[in-house]
Peer 1: 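Got a structure here, written out as structure tokens. Questions coming.
These values consider heavy atoms only, across backbone and side chains, with no hydrogens, waters or symmetry-generated copies.
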Amino acid sequence: QLIADAGGNYIWQDSTENEVLMLDIEAVYDKGIATEIWLNVGVTNSISEIIGSDERLAEFSALKKGNVYNNNVRINSVGGMDFWESGVVNPHWILRDLVKIFHPESMQEHSLIYYKKIE
């Protein structure tokens, strides 16, 4: 819902699943290759790590354009991600991050809190 509220389109928005989607690479490739922005890429911290997991991912438009963001910028000393901790009670901060990612011209003064651009 936050993606939609921020003006984005979630490629799996038609799914009726209530749990994490377990998808094979072919399904991800078919739907994801033309996406403009890729969010939440797991524990990944670099484009080379993403491509290292499967070379076909290098063909994704979001990777080619440098529009890959991960929500792991704030990790505590034991590996806990603040996105899942303080983000739960501050969804407005997550929403601001998403608006900044989807529409950077409208949020020039905002610095990302939970997300970072993956280089």
Peer 1: Hey, could you give me the CG/CZ distance between L112 and R74, rounded to the nearest 0.5 Å?
Peer 2: 11.5 Å
Peer 1: Which heavy atom of A6 sits nearest a heavy atom of L98, and at what distance?
Peer 2: CB-CB, 3.6 Å
Peer 1: Same cluster or not: L21 versus I25, using hydrophobic residues (I, L, V, M, F, W, Y) connected whenever any side-chain heavy atoms lie under 4.5 Å apart?
Peer 2: yes
Peer 1: How would you list, by chain and number, every residue that makes a side chain to side chain contact (heavy atoms under 4.5 Å, CB included) with K116, sequence neighbours excluded?
Peer 2: N45, N72, V73, I118
Peer 1: Does atom CD (E105) have a neighbourhood of more than 12 heavy atoms from anything else shown, all under 6.0 Å?
Peer 2: yes
Peer 1: Can you tell me how far apart CD1 (I11) and CD1 (I37) are? Round to the nearest 0.5 Å.
Peer 2: 12.5 Å
Peer 1: Yes or no on salt bridge (charged side-chain N to carboxylate O under 4.0 Å, His left out) for R56 and E26, after CA distance, side-chain angles and deciding distance?
Peer 2: CA-CA 10 Å; R56 294 174 286 184; E26 287 76 17; 3.5 Å; yes
Peer 1: Can you check whether E59 reaches Y29 side chain to side chain, under 4.5 Å on heavy atoms?
Peer 2: yes
Peer 1: Find out whether F60 and V28 are in side-chain contact, i.e. whether some heavy atom of one side chain is under 4.5 Å from a heavy atom of the other.
Peer 2: yes
Peer 1: Please step through side chain to side chain contact (heavy atoms under 4.5 Å, CB included) for the pair K65 and E36, ending with a clear verdict.
Peer 2: CA-CA 8 Å; K65 293 180 178 182; E36 295 293 315; 2.6 Å; yes
Peer 1: Does E85 offer a backbone N or O that forms a donor-acceptor pair with the side chain of D82 under 3.5 Å?
Peer 2: no
Peer 1: Locate the shortest heavy-atom distance separating E49 from V43; write the atom from each residue and the value.
Peer 2: OE1-O, 4.4 Å
Peer 1: Could you please spell out the steps behind the side chain to side chain contact (heavy atoms under 4.5 Å, CB included) verdict for V99 and S106?
Peer 2: CA-CA 8 Å; V99 171; S106 68; 3.7 Å; yes
Peer 1: Within the distance-only criterion (no hydrogens, no angle test), does the side chain of D24 pair as donor or acceptor with the backbone N or O of A27 below 3.5 angstrom?
Peer 2: yes
Peer 1: Quick check for you: to the nearest 0.5 Å, what is the distance between E17 atom CD and W12 atom CH2?
Peer 2: 11.5 Å
Peer 1: Nearest heavy-atom pair of I94 and G87: which atoms, and what distance?
Peer 2: CD1-O, 3.5 Å
Peer 1: Looking at every heavy atom in both N71 and W84, which two are closest together, and how far apart are they?
Peer 2: ND2-CZ2, 4.1 Å
Peer 1: A side-chain contact here means heavy atoms from C-beta on lying under 4.5 Å apart; do Y115 and N40 qualify?
Peer 2: yes
Peer 1: How long is the span from the CD1 atom in I47 to the CG atom in L63, to the nearest 0.5 Å?
Peer 2: 4.0 Å
Peer 1: Could you check, using the six-membered ring where one of them is a Trp, whether W38 and Y69 have ring centers closer than 6.0 angstrom?
Peer 2: no
Peer 1: Please check: side-chain N/O of N70 versus main-chain N/O of G42, any donor-acceptor pairing under 3.5 Å?
Peer 2: yes
Peer 1: Can you find a heavy atom in the side chain of S15 that is under 4.5 Å from one in the side chain of Y10?
Peer 2: no
Peer 1: Rounded to the nearest 0.5 Å, what separates atom NE2 in H92 from atom CG in L2?
Peer 2: 11.5 Å
Peer 1: Could you grab the distance from atom CZ of F102 to atom CG of D5, nearest 0.5 Å is fine?
Peer 2: 10.5 Å
